[in-house]
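Only a predicted model underlies this, so the values are computations on that prediction, with no experimental measurement involved.
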Amino acid sequence: MNLTLCGVSAFRYYRVPPQILCLYPRFPDVFQDSNHLKAANSFVTQDLLRLPLHRAVFNRGESWGNKLYDTHLITGELPFGSVRETEHGFSVTSPAATLLTLARDVSRLELLMAVYEMTGEFAVFNPCARAEEQLEEAERRGYIRLGAGWRRVVNVDGNGTNLWQRPPLLDVADLKAFCGQVPGFHGVKNLRWAAEQVAGVTASPLEVQASMLLGLPRSAGGEGLAIENNRRIRLSPAARRIYPHDSCSADILIAAEGGGPGVAIECQGRSVHASEAAAISDSDRTTALMSMGYEVILATFSQFFDVTSFDTLLDIVAEKTKGSRRKKTARQLAAQAELRRALFIDWSTLGS
């Protein structure tokens, strides 16, 4: 049996930094593991993927399940490239096909969060003690060059967090095209909706939380604001004297009513913006944007998490964008509560 991981198992696989993944041995070959116990007890399964393994099968004769496998029967034809081989003795669905198979088991809000992560510049992965030890040993012995692979974000104490920075795994335009190639597949309606809601490339869960709260339609619990993530802004000559770069990006740019530069929201995560050098750079960038007429709001996790603080933040945004706030209906308030329940979780458990 050729094992193809999909759904949450494939999602977990794509979250593992390559410098950790390469330290783990292959799955045992099928002829050496007829009852699949070796696969179930392998370090890859125990440390990285966890049970049950979600697998894709393409004919009904293989659609059995047990404690080891949660089976996804795929009867239609997936686009070329939807299954990829790995160096670990199994195959895995592509990022787009992973999101499609994940849609079976999560809400559309959770699916959107997963889409934001896979199309973003970050992953959330908590190495277990064995993975940490192996990585430290490999770097110490020179098997892996220090700093190779994804960059791990550190906290204010200089310790590694569960946030890793990496290039996007998937472009949202490609995801939309993929959805057009799989009409009628289970979950494609929610995946198409999620792809349409993505406002750009994000760099952390905080940016995703802020973007969904601000940008989702009011019917989905958001504020319905016109936002753009990671908007590249070309700096004027005067602004370049403050921040010596040709351009800079805003975490979230909100359009102003009637035109104008708009409001830039900078998400102040404790890890990403922790160092003194980063704080100085952020300050210079903020001043440069303000010199060009942009209103800049520095917002922290607590300002999005706390309902009262977030309400105050919305008042400030409305004032600076020259907009007005409309009272939400009972149904919209219920959707807002549902959105908050989905967003403010332990991000490492997303998809579980």
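A salt bridge does not link Arg140 with Glu136: none of the charged nitrogens is closer than 4.0 Å to a carboxylate oxygen. A salt bridge links Arg152 to Glu132: one of the charged nitrogens lies within less than 4.0 Å of a carboxylate oxygen. Taking a cutoff of 4.0 Å between a charged side-chain nitrogen and a carboxylate oxygen, Lys328 and Glu223 qualify as a salt bridge.
A salt bridge (charged side-chain N to carboxylate O under 4.0 Å, His left out) check over residues 177-194, counting only residues at least two apart or in different chains, returns nothing. Applying the salt bridge (charged side-chain N to carboxylate O under 4.0 Å, His left out) test to pairs two or more places apart or on separate chains, those with a residue in residues 231-242 are Glu228-Arg231. For residues 339-352, the pairs satisfying side chain to side chain donor-acceptor pair (under 3.5 Å) are Arg12-Ser352, Arg50-Ser352, Glu117-Trp347, Asp346-Ser348, with sequence neighbours left out. Listed by first and then second residue, the ring pair (Phe, Tyr, Trp, His ring centres under 6.0 Å) pairs that reach into residues 75-119 are Tyr13-Phe90, Phe27-Phe90, sequence neighbours excluded. Pairs engaging residues 318-338 under the ring pair (Phe, Tyr, Trp, His ring centres under 6.0 Å) rule: none recorded [sequence neighbours left out].
In this structure, Val307 stands alone, with no Ile, Leu, Val, Met, Phe, Trp or Tyr side-chain heavy atom under 4.5 Å from its own, directly or through other members.
Listed by chain and number, the residues in a ring pair (Phe, Tyr, Trp, His ring centres under 6.0 Å) with Tyr243 are His245 (sequence neighbours excluded). Under the ring pair (Phe, Tyr, Trp, His ring centres under 6.0 Å) criterion, Tyr143 pairs with no residue at all, not counting sequence neighbours. For Phe43, there are no ring pair (Phe, Tyr, Trp, His ring centres under 6.0 Å) partners at least two apart in sequence or on another chain. Evaluation of the side-chain hydrogen bond (donor to acceptor under 3.5 Å, both in side chains) rule for Asn126 yields no partner, not counting sequence neighbours.
For the side chain to side chain contact (heavy atoms under 4.5 Å, CB included) criterion with Thr286, the lone passing option out of Ile242, Leu298, Ile297 is Leu298.
Summarising the geometry, atom CD belonging to Gln268 is positioned 8.0 Å from atom CG belonging to Asp251; distances are rounded to the nearest 0.5 Å. In this structure, CE in Met113 is found 6.5 Å from CD in Gln209, a value given to the nearest 0.5 Å. Rounded to the nearest 0.5 Å, atoms CG (Asp105) and CG (Asp70) are 6.0 Å apart. With rounding to the nearest 0.5 angstrom, the CG atom of Leu333 is 8.5 Å from the NZ atom of Lys327. Going from atom CD of Gln46 over to atom CZ of Arg130 covers 7.5 Å, rounded to the nearest 0.5 Å. Atoms OG and CG, from Ser9 and Leu3 in turn, are 8.5 Å apart once rounded to the nearest 0.5 Å.
Considering only heavy atoms from C-beta on, Cys6 stays 4.5 Å or farther from Arg104 through its side chain. A 4.5 Å side-chain heavy-atom check between Leu5 and Ser91 finds every atom pair outside the cut-off. Counting only heavy atoms from C-beta outward, the side chains of Trp150 and Gln165 never approach each other to under 4.5 Å. Side-chain contact between Trp164 and Val153 is absent, with no heavy-atom pair separated by less than 4.5 Å. Proximity of Thr101 to Ile74: side-chain heavy atoms (C-beta onward) are separated by under 4.5 Å at one or more points. Looking at heavy atoms from C-beta onward, Cys22 lies in side-chain contact with Ile144 at the 4.5 angstrom threshold. Side-chain contact between Ile252 and Leu214: present, with at least one pair of heavy atoms (C-beta onward) separated by less than 4.5 Å. With contacts defined as side-chain heavy-atom distances shorter than 4.5 Å, the pair Phe11/His54 does not qualify.
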Review item, side-chain donor-acceptor pairs of residues 174-184, under 3.5 Å, at least two apart:
none

What pairs of donor and acceptor atoms, side-chain ones from residues 309-323 against any protein atom, are under 3.5 angstrom apart with sequence neighbours left out?
from	atom 1	to	atom 2	distance (Å)
Ser309	OG	Asp306	OD2	3.0
Asp311	OD1	Arg325	NH1	3.0
Asp311	OD1	Arg325	NH2	2.8
Thr312	OG1	Thr308	O	3.2
Asp315	OD1	Arg325	NH1	2.8
Lys320	NZ	Glu295	OE1	3.2
Thr321	OG1	Val317	O	2.7
Thr321	OG1	Ala318	O	3.4

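Residues Phe301 and Phe344 bring their aromatic ring centres within 6.0 Å.
In the model, Thr4 has no side-chain atom that pairs as donor or acceptor with a side-chain atom of Arg55 under 3.5 Å. Donor-acceptor pairing under 3.5 Å is lacking for the side chains of Thr202 and Asn229.
The backbone N or O of Val115 sits less than 3.5 Å from a side-chain atom of Thr119, completing a donor-acceptor pair. Put simply, the side chain of Arg15 never gets that close to the backbone of Ala123: no donor and acceptor are under 3.5 Å apart. Side-chain atoms of Thr98 come within 3.5 Å of backbone N or O of Thr93 as a donor-acceptor pair. In this structure, Glu207 contributes its side chain and Ser204 its backbone to no donor-acceptor pair below 3.5 Å.
In the displayed structure, Phe305 atom CZ is contacted under 6.0 Å by at most 12 heavy atoms of other residues, nucleotides or ligands. More than 12 heavy atoms of other residues, nucleotides or ligands sit less than 6.0 Å from atom CD of Glu137.
Between Cys128 and Asp47, the shortest heavy-atom distance links the atoms SG-CG, 3.5 Å. Of all heavy-atom pairs between Ala220 and Trp193, the closest is CB-CZ2, 4.2 Å. The shortest non-hydrogen separation linking Gly149 to Pro18 is CA-CG, 4.3 Å.
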Applying side chain to side chain contact (heavy atoms under 4.5 Å, CB included) to Ile20 and Gln134, what does each step give before you reach the verdict? CA-CA 8 Å; Ile20 291 178; Gln134 287 191 111; over 6 Å; no

For the pair Leu68 and Leu51, evaluate side chain to side chain contact (heavy atoms under 4.5 Å, CB included) and give the outcome as yes or no after the intermediate values. CA-CA 6 Å; Leu68 176 58; Leu51 294 175; 3.1 Å; yes

Given the rule in the side chain to side chain contact (heavy atoms under 4.5 Å, CB included) test, do Val92 and Glu85 qualify, once you have shown the distances and angles that lead to the verdict? CA-CA 6 Å; Val92 64; Glu85 292 186 5; over 6 Å; no

What verdict does the side chain to side chain contact (heavy atoms under 4.5 Å, CB included) test give for Leu253 and Val263, after you've listed the backbone C-alpha separation in whole Å, the side-chain angles of each residue and the deciding distance to 0.1 Å? CA-CA 6 Å; Leu253 186 66; Val263 174; over 6 Å; no

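When hydrophobic clusters are built by joining Ile, Leu, Val, Met, Phe, Trp and Tyr residues whose side-chain heavy atoms come closer than 4.5 Å, directly or via intermediates, Leu213 is not grouped with Val201.
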